[in-house]
Amino acid sequence: MMKSIPAQQLDLLVDHWVDEGLITAAQAHRMHVEVAAYEPADDATTAPDASRAASLLGQALGYLGGAIVLVGSVLIGSWYWDDLGTAPRLAVLIGAAGLLLSAGAIVPAPRGGAGEQLRSVLWLISTGAVAGALGVLATDVLETSEADTFLLVAGGTACYAAALWLVGHGVIQQIAMVVALALTAAAVINRADVAENLPGLGVWIVGLIWAVLGWREIAHPGRAALVLGSMLALIGAMATAGADAGMVFALITILAIIVAAVLLRDLFLLAVGTVGALINTPAAMTRWFPDSVAGAFALVVVGVLLVATAVWVTRSGHTRRVRSSGPSHG
């Protein structure tokens, strides 16, 4: 923040400019008139700081209040949940969801401000309450099977989270929505009862679609969507790794993420691929090459390649920043 200059000092500075020949006497006279006419309010310099402090205080109180509501609900549930009937259970969960939804809706939430983050957190907790209410509805009212309960909770939560994301477009709402959609896809495959490891394929499909939408800047913010989709694709592929074909599928997915990270020069994406490689490569070597020295050497080679790739991506990004910030010559 630029420090303000007192009027008397500014008048002296204007007179000095006249003496130095930087401005004319007529220009100096006009400046003196403007300075004399300008009367800033006493709190002009403190208003932004006070506003920011109030915003941070409101955000902190909102987080604390939301956490207290969550903890209190859990305690009430642990003490009295078994004694409550179905209707009171639904009332508690739906009431908590509605309260947090309303609180987030009335929070002033300018783009990128503290209010937007507070609203996102409140709505995230509200989404969890909705998921709980759907679980009570499925098990206690509809008495559905485990597979149908999974599908109802995941699908209903995805719809609720998608509605909130369409309103706010926050990163937290995006995460809640995409995770719920991935679980819904897994629940659909699980409901079909095709194979034990195939539900992970549904998560992989949703992750791939969302990563592509983020890469094409269709889903906003694009980079967050790209990284989130890649993480879900990796998790989904890893969920299929119970079979040999699933392990191969997971390794191919990891390789694709690393290649995409190199091409896009994205360190976050590279981190996702690196973590996947650290988890899955030893597992694959142990499964296919038990007690093999060659497997250990292969791990070293993979690690060296990942480090070299990370260094190259970092240096490339630094070089591009230096060139773009350097002086231009006409």
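- In this structure, Thr127 OG1 and Ile175 CD1 are separated by 12.0 Å, a value rounded to the nearest 0.5 Å.
- Every residue two or more places apart in sequence or in another chain that forms a ring pair (Phe, Tyr, Trp, His ring centres under 6.0 Å) with Phe249 is listed here: Trp204.
- Two residues are said to be in side-chain contact when any heavy atoms from C-beta on lie closer than 4.5 Å; Trp215 and Leu264 meet this criterion.
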Could you walk me through whether Val171 and Leu228 pass side chain to side chain contact (heavy atoms under 4.5 Å, CB included), step by step? CA-CA 10 Å; Val171 175; Leu228 174 60; over 6 Å; no
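- In this structure the side chain of Val248 reaches within 4.5 angstrom of the side chain of Trp288, judged on heavy atoms.
- Results of the side-chain contact (heavy atoms from CB on, under 4.5 Å) test with Ile257 over Leu269, Val275, Val227, Leu270 single out Leu269 as the only residue that passes.
- With rounding to the nearest 0.5 angstrom, the CD atom of Glu143 is 13.0 Å from the CG atom of Asp148.
- Taking the side chain as every heavy atom from C-beta outward, Leu164 and Leu101 approach each other to under 4.5 Å.
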Phe268 vs Ser230, test: side chain to side chain contact (heavy atoms under 4.5 Å, CB included). Steps then yes/no. CA-CA 10 Å; Phe268 285 100; Ser230 300; over 6 Å; no
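- Hydrophobic clustering (ILVMFWY, side-chain heavy atoms < 4.5 Å, transitive): Val188 and Trp210 are in distinct clusters.
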Side chain to side chain contact (heavy atoms under 4.5 Å, CB included), that's the test. Do Thr240 and Leu198 meet it? Break it down for me. CA-CA 6 Å; Thr240 67; Leu198 277 185; 5.6 Å; no
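- No path of Ile, Leu, Val, Met, Phe, Trp and Tyr side chains, each step under 4.5 Å between heavy atoms, connects Leu278 with Ile254, placing them in separate hydrophobic clusters.
- Between Ile94 and Ala133, the closest heavy-atom pair is CG1-CB, 4.0 Å.
- Counting heavy atoms from C-beta outward, Leu142 and Leu152 have side chains that approach closer than 4.5 Å.
- Atom-to-atom distance recorded for Trp165:CH2 and Trp123:CH2 is 13.5 Å, nearest 0.5 angstrom.
- For the pair Val167/Gln173, no side-chain contact is recorded, criterion being any heavy-atom separation below 4.5 Å from C-beta on.
- In this structure, Met247 is a member of the same hydrophobic cluster as Ile252, with clusters built from ILVMFWY side-chain heavy atoms closer than 4.5 Å.
- With hydrophobic clusters built from ILVMFWY side chains whose heavy atoms lie under 4.5 angstrom apart, Leu208 shares a cluster with Val179.
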Please evaluate residues Val141 and Val136 with respect to the criterion side chain to side chain contact (heavy atoms under 4.5 Å, CB included), reporting the C-alpha separation (whole Å), side-chain torsions for both, the decisive distance (0.1 Å), and the verdict. CA-CA 7 Å; Val141 178; Val136 172; 5.6 Å; no
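- With sequence neighbours left out, Arg216 forms a salt bridge (charged side-chain N to carboxylate O under 4.0 Å, His left out) with no residue at all.
- Cluster partners of Leu263, using a side-chain heavy-atom cutoff of under 4.5 Å among ILVMFWY residues and allowing indirect links, are Leu255, Val259.
- Residue Phe150 is not grouped with residue Ile235 when hydrophobic side chains (ILVMFWY) are merged at heavy-atom distances under 4.5 angstrom, including chains of intermediate members.
- Contact detail for Gly202 and Ile189: the closest heavy-atom pair is N-CD1, 3.4 Å.
- Taking each heavy atom of Asn280 and Ala250 in turn, the nearest pair found is OD1-CB, 4.1 Å.
- Contact record, Leu100 with Leu122: CB-O, 3.6 Å, taken as the closest heavy-atom pair.
- Within a 6.0 Å radius of CZ in Arg191, no more than 12 heavy atoms belonging to other residues, nucleotides or ligands are found.
- Considering all non-hydrogen atoms of both residues, Leu181 and Ala158 come closest at CD2-CB, 3.8 Å.
- Contact detail for Leu90 and Leu137: the closest heavy-atom pair is CD2-N, 4.0 Å.
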